[in-house]
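Structure, as structure tokens:
Remember, it's 1-based here, ligands and their atoms both numbered in the order they're listed. What you see below is based on every heavy atom in this structure, not just the backbone, and it leaves out hydrogens, waters and symmetry mates. What you see is a predicted model; the values in this text were computed from it and never measured.
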Amino acid sequence: MKTILTGDRPTGRLHLGHYFGSVENRVKLQNDYDTYILIADVQALTDNFNNPEKVRKSVYNLALDYLGCGIDPKQSHIYIQSLIPEVAELTVYFSNLVTVPRLYRNPTTKHELLQKKEVFGESGEGITYGFLGYPVSQAADIACVNSNLVPVGEDQLPHIEQTREILRKFNNIYGETFNIPEPVLSTSPRIKGLDGNEKMSKSLNNCIYLSDDADTITKKVMTAVTDPDKIRKDDPANPDKCMVYYYHKLIRNKDVDTVCEECKKGERGCVYCKKELARAIIEFLKPIQERRKYYEDRPEEVEKILKEGTLATKRKAEEVMKKVRKNMNLDYFE
Ligand code: ATP
Ligand code: MG
């Protein structure tokens, strides 16, 4: 069975963008692959090092979100990055195999650096060693479970390329040790925000979280951007300019064709359409929230799942590191 590694940084709760962008697909993949799901707390600290409480709290929320979405702990190993010290060790060895200019050239790192001005300064002059190097530790995450496949969004492709370069170099110098992982590009496009922004994103404050209650969802949906040319409730409109229609489609509302037709003919007011969408999203999230609540009420069960997932990953990482140390001539007392 081939191995897959995926995961998220624990920096908040998951939203519909995460669900349709990645988590839904992971739930399918876990049936066919040996799946490792990484809660990347060490990586979350690279730009949240002064806010460890937020990271700690988010680890638990992320685990609940995963379980709610149907990540099955019997099939997938959900694990906490900081509890796998082998990742830190491997990061050190890998750091010799990548140049500092190469890390600076990574387009995703550049982009994120400028998004995090409050942490790293106006033009990124306060960049830390840890942040610049996080693609190296990501290579170590992937290598520690010797993953074959890494499902990613487009923004992650430069990191996977960096991982592949590092692992090829390692294999060349120290002998065949690692699989060279293949990225599996997400087939779902980037999910837009209710505000019409290109991306639903925490920092843009335009998210519907998987754990939002019915009132919150309804309030958020009421603010969604609609066709600006539609003034009166019975004006015909263009659904392709409307985020409400976009979301009807996204959550696969079975009445989506009716929504489209009525909107085009001016037979559907936006307020009515939004209320219908809110109800559909609430309905869509219901099974996810029920499962999430089950685990929320059983913290000891969640802890057990995380412990077991972490233990399984640690075993795998130890096995990989044994080979690494041998190939690097570091197996002193073996
Ligand atoms: P932040 O605003 O803190 O950056 P975010 O909401 O953008 O948070 P991230 O934690 O950056 O979420 O997202 C992690 C991964 O989840 C991304 O690499 C991407 O693959 C996926 N993802 C996030 N938002 C979306 C979205 N709107 N559409 C599709 N995929 C998404
Ligand atoms: Mg982001």
Nearest-option assignment for atom 2 (O) of ligand 1, heavy atoms, candidates Ser203, Ser58, Pro189: Ser203

Verify same cluster id: Leu185, Leu5 (apolar side-chain graph, 4.5 Å): yes

Nearest candidate to atom 30 (N) of ligand 1, where distance is taken over non-hydrogen atoms, out of Gly17, Cys207, Ser188, Ala44: Gly17

Any Arg9 heavy atom less than 4.0 Å to ligand 1: no

Polar proximity ligand 1 side, His18 side, N/O cut 3.5 Å exclusive: yes

Single-linkage hydrophobic cluster Met243~Ile217, side-chain heavy atoms < 4.5 angstrom: yes

Non-neighbouring partners of Tyr247 that pass ring-ring contact (aromatic ring centres under 6.0 Å, His included), sequence neighbours left out: none

N or O contact, Leu204 vs ligand 1, cut-off under 3.5 Å: no

His15 contact mode with ligand 1 (heavy-atom cut-off under 4.0 Å): side chain

Proximal atoms of ligand 1 relative to Gly21 (non-hydrogen, under 4.0 Å): 29 (C), 30 (N)

Lys202, any N or O under 3.5 Å of ligand 1 N or O: yes

Distance filter under 4.0 Å to Asp155 heavy atoms, resulting ligand 1 atoms: 17 (C), 18 (O)

Carboxylate-amine/guanidinium contact Arg102 Glu165, below 4.0 Å: yes

Selection residues 51-73 - residue pairs positive for salt bridge (Lys or Arg N to Asp or Glu O under 4.0 Å), sequence neighbours left out: Asp65-Arg292

Which atom of Gln43 lies closest to which atom of Thr46, heavy atoms considered: O-OG1, 2.7 Å

For Arg190, atoms of ligand 1 separated by under 4.0 Å from a heavy atom: 28 (N), 29 (C)

Lys249 atom NZ, over 12 foreign heavy atoms within 6.0 Å: yes

